[in-house]
Amino acid sequence: MDEIIKILSIDGGGIRGVLPATFLSALEERLQHTTGDENYRLANYFDLIAGTSTGGLLTCMYLTPDDNNAIFPKYTARQALEFYFGYGDSAFSANTGGGFHKYSPAGLEAGLNKFFGNLKLGQLIKPCCITAYDMLHCEPYLFFSHRAISDPRANFYVKDVARATSALPGIFPPATISSLADRKRTFIDGSIFAYNPALQAYIRAKTIFPNAKNFMLLSLGTGLPATAYTPAQLEDTSEKNWARLLADISFSAHSDMVHFQLEEIFKGKSDSTYIRLQPSLHGLNKEMDNVSHENVMALYKAGLDFVNSNEKTMTEIINLHNNSPL
C-alpha cells in the first residue's frame, strides 16, 4: 500500500475547543501506548494540521518545537488541553471601554506570549494551515508554515498568528500584525469563511504532497446545536437576536457544506479515509465565551464521553500509525 498522508483539521469554537482537545489528548496517549514511546506526539503522527480560531491555537501548540530540539514538540496534547483550564478566564477579560467587541485582547495576548514567545511560523515542525480574514485586502488569508520557511512576507510570529485567527468580531477586536518582512495586515477570525477548515487542509496537503494518492483526513468539530429555532426566536426582529441567529446559521451551514463536499471527494477513494467527528452539545452551554469553571468542566466531561463513544474510530486512526511519510 502507498504511504498515507495524515491530515488533522480542527474547527473554530472558542472555549468549546476543550471538546476536540480532550479527544486529541486521549488519541496521543493511546498512540504512545501503541508505539511504546512515551514521547510520541500528535506531530509525529499527522503530516499536516489545520485549524480555525481555537483550532488554530491548538494547531500552533501541537507543532511548537522544543526549546532545545527544533524537530521535537514542546507541548503534549494534554498541556494543550490544559491551556483552556489555566488561561480560559484570563483570555476572556471584559472590555471595560465598551463598544462592539466584548473582550480586551490583553489577556489572550499575554497567554499567547507565554506559550509561544518569539517563535516564528516557519519554525513549526510540520506543515500547517491556519485561517484568518485580511480586512485591508478584503480576502481570506491562510498562514502556511512551509511557505514561511523561505518567504519572510509569509512569516509571522506564532503568537500573532494565533491572535489573528482568534479575532472573532464581537468577541475580540481585529489583530493588526506584521510579517517578518514588515508587511502590516489587519485580520479577523478565519471562521468568517472557514469555520471548518478541513477542505482547505485537504487542498493544501494535495499541494505539498503532489505524488500522494492516499489520504486520511480527521476533521474535528467543536459541537453545533442541533435544536430547531423556536417561533419566538424567529419572531424577535431585534438586531441582536438576528445577528446571533445569522452567525449560528452561517457557522453551521458552512461546516455542513464542507462535510458534504469532502464526503463526495472521498467517496471514490478506496484507500483513503475521511473521518468527521462532531461532539454533541446536548445539555451543554453553546456559547463560545462561557469560561466559568463549571462550564469548562462540563465541556471536559462531555469530551471524555465523546472519546468513549468513538472507541472504534479511535482504533481505526491508531491502526494507521505505521504509514506516515515524514
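The backbone N or O of R41 sits less than 3.5 Å from a side-chain atom of N44, completing a donor-acceptor pair. In this structure, H146 contributes its side chain and I208 its backbone to no donor-acceptor pair below 3.5 Å. Remark: the backbone N or O of N295 is paired with a side-chain donor or acceptor of S292 at under 3.5 angstrom.
Partner of Y202 under the ring-ring contact (aromatic ring centres under 6.0 Å, His included) criterion, out of F209, Y274, F266: F266 alone.
When every heavy atom of T165 is checked against every heavy atom of S53, the shortest pair comes out as OG1-N, 2.9 Å. When all heavy atoms are compared, the tightest approach of V307 to T22 is CG2-O, 4.1 Å. Nearest heavy-atom pair, A148 versus A154, reported as atom, atom and distance to 0.1 Å: CB-O, 3.5 Å. The two residues P105 and R163 make their nearest non-hydrogen contact at CB-NH2, 3.3 Å. Of all heavy-atom pairs between P73 and Y62, the closest is CB-O, 4.0 Å.
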message = Using the rule given for side chain to side chain contact (heavy atoms under 4.5 Å, CB included), can you reason through Y133 versus C138, listing the C-alpha separation, both sets of side-chain angles and the distance that settles it, and then say yes or no?
response = CA-CA 7 Å; Y133 188 85; C138 297; 3.8 Å; yes
Pair M216-F46, side chain to side chain contact (heavy atoms under 4.5 Å, CB included): steps then yes or no = CA-CA 9 Å; M216 190 283 281; F46 291 102; 4.0 Å; yes
task = Apply the test side chain to side chain contact (heavy atoms under 4.5 Å, CB included) to residues T207 and R204: give CA-CA distance (whole Å), side-chain angles for both, the deciding distance (0.1 Å), then the verdict.
result = CA-CA 5 Å; T207 301; R204 183 48 42 181; 3.7 Å; yes
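Taking 4.0 Å as the cut-off between side-chain N and carboxylate O, D289 and R16 do not count as a salt-bridged pair.
Ring geometry for F187 versus F156: interplanar angle over 60°, hence perpendicular rather than tilted (30 to 60°). Ring geometry for Y300 against F85 counts as perpendicular: the plane angle is over 60°, on a 0 to 90° scale with 30° as the lower cut. Aromatic ring orientation, F143 versus Y141: perpendicular (interplanar angle above 60°, classes split at 30° and 60°).
Using modelled atom types, one finds no donor on one side chain facing an acceptor on the other under 3.5 Å when comparing K120 with N155. In summary, the side chains of S219 and R276 do present a donor paired with an acceptor at a separation below 3.5 Å, with no hydrogens or angles considered. A donor and an acceptor atom, one from each side chain of D134 and H137, are located under 3.5 Å apart.
Under the 4.5 Å side-chain criterion, counting only non-hydrogen atoms from C-beta, I275 is not in contact with L217.
Stacking of K6 on the aromatic ring of Y45 is recorded, both the 6.0 Å distance cut-off and the 45° axial limit being met.
By the neighbour-count criterion of 12 heavy atoms within 6.0 Å, atom CZ of F72 is densely surrounded, having more than that number from other residues, nucleotides or ligands. Annotation: M135, atom CE; neighbour count of heavy atoms from other residues, nucleotides and ligands within 6.0 Å does not exceed 12.
Separating the CE atom in M288 from the OG atom in S166 is a distance of 11.5 Å, to the nearest 0.5 Å.
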